[in-house]
Amino acid sequence: MSDPQPTPGQTVGPFFHDALPYAGDSHLVPPGSSGTVRLHGTVYDGAGKPVPDALLELRQADAVGAIPVVEGSLRRDGRFTGWGRSATDAGGHYAFTTVEPGGVDGAAPFFSVMVLARGLLDRLYTRAYLPGASDAFLDRLTADEAHTLRAIREDDGSLRFDVHLQGEHETVFLRFPRHVQ
């Protein structure tokens, strides 16, 4: 009998795209609410092409930097839960309706973003900082790396945050102690 060999790794998706999105999943607050902002962008692959079947999850503090402790956007019923989900469309574009987060414990305000996409071996975590934000974490990065974590304020007031899975403009992704890849 030969020695056991590892089996090939499996990638996430693309089937999550058919089951996980649901109506209203990308609305962390009702559209048109006071202080509403649209966070949107495009997910790109390593060749710079939009990824039409990625899924992003957003988690964030509220406008004054308080972290919600209720779960799920469906339990919103007027309460801000700080969580939402958005699938990319055929052009690789996603969008959330939310509020700009406040800073928590002296850190710069940011959105926590989790990305699932075909071909990935596991989910990816990153942050979308508000324009002009700076803190100890961002200061440890090179200017080019920090640039990949900053949202851009568009003329209409929305925030654009593109995610590059690989390549020259690859977004900085985070690893957490119990998240082994």
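When reading the values below, keep in mind they use all heavy atoms of this one structure, side chains included, and skip hydrogens, waters and symmetry mates.
- Remark: the backbone N or O of Leu56 is not paired with any side-chain donor or acceptor of Ser86 at under 3.5 angstrom.
- A salt bridge is defined here as a Lys NZ or Arg NE, NH1 or NH2 lying under 4.0 Å from an Asp or Glu carboxylate O, and Arg153 with Glu100 meets this definition.
- At a threshold of 4.5 Å between non-hydrogen side-chain atoms, the residues Thr98 and Thr36 do not count as touching.
- Note that the CG atom of Leu55 and the CZ atom of Arg123 stand 12.5 Å from one another [nearest 0.5 Å].
- Applying the 6.0 Å contact sphere to CD1 of Ile67 captures no more than 12 heavy atoms from other residues, nucleotides or ligands.
- To the nearest 0.5 Å, the span separating CD on Glu170 from OH on Tyr44 amounts to 15.5 Å.
- Going from atom CG of Leu116 over to atom CG of Leu20 covers 7.5 Å, rounded to the nearest 0.5 Å.
- For the pair Thr142 (side chain) and Glu145 (backbone), a donor-acceptor distance under 3.5 Å is present.
- Test Thr126, Leu174, Thr171 against Val113 for side-chain contact (heavy atoms from CB on, under 4.5 Å) and you get one pass: Thr126.
- In this structure, Leu28 and Phe80 approach most closely via the heavy-atom pair O-CD1, 3.7 Å.
- Heavy-atom contacts from other residues, nucleotides or ligands closer than 6.0 Å to CG of Asp156 number more than 12.
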Q.
Assess the residue pair Ser158 and Leu39 against the criterion (side-chain contact (heavy atoms from CB on, under 4.5 Å)); give the C-alpha distance rounded to whole Å, side-chain angles, the decisive distance to 0.1 Å, and a yes or no.
A. CA-CA 6 Å; Ser158 67; Leu39 173 68; over 6 Å; no
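- Not counting sequence neighbours, the partners of Tyr129 by the ring-ring contact (aromatic ring centres under 6.0 Å, His included) test are Phe110.
- Nearest heavy-atom pair, Ala133 versus Pro109, reported as atom, atom and distance to 0.1 Å: CB-O, 4.4 Å.
- Of all non-hydrogen atoms in Arg38 and Ala95, the two that sit nearest each other are NE-CB, 4.1 Å.
- Of all heavy-atom pairs between Tyr94 and Thr42, the closest is CE2-N, 3.9 Å.
- Ring planes of His40 and His93: tilted class, angle from 30 to 60°.
- Rounded to the nearest 0.5 Å, atoms CG (Asp162) and OG1 (Thr148) are 11.0 Å apart.
- Between atom CZ of residue Phe173 and atom OH of residue Tyr125 there is a gap of 12.5 Å, rounded to the nearest 0.5 Å.
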**Q.** Candidate pair Gln60 and Ser112, rule side chain to side chain donor-acceptor pair (under 3.5 Å), full reasoning
**A.** CA-CA 6 Å; Gln60 66 168 98; Ser112 292; over 6 Å; no
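- With hydrophobic clusters built from ILVMFWY side chains whose heavy atoms lie under 4.5 angstrom apart, Leu149 does not share a cluster with Val104.
- Between His164 and His169, the two ring planes are tilted [angle within 30° to 60°].
- In this structure, CG in Leu165 is found 14.5 Å from NZ in Lys49, a value given to the nearest 0.5 Å.
- Heavy atoms only, all atoms of each residue included: Ala117 and Ala54 are closest at CB-CB, 4.0 Å.
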**Q.** Full working for side chain to side chain donor-acceptor pair (under 3.5 Å) between Thr88 and Asp53
**A.** CA-CA 6 Å; Thr88 56; Asp53 56 0; 5.7 Å; no
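- Annotation for Pro131 and Leu159: closest pair CD-CD2, 3.7 Å, computed over non-hydrogen atoms.
- Residues Arg85 and Tyr22 form a side-chain contact, since some pair of their non-hydrogen atoms from C-beta on lies under 4.5 Å apart.
- Phe111 is listed as a side-chain neighbour of Leu130, based on a closest heavy-atom distance under 4.5 Å.
- A distance-only check finds no donor-acceptor pair linking the side chain of Asp135 to the backbone of Ala107 [under 3.5 Å].
- Taking a 6.0 Å sphere around CG of Asp105, one finds it holds 12 or fewer heavy atoms contributed by other residues, nucleotides or ligands.
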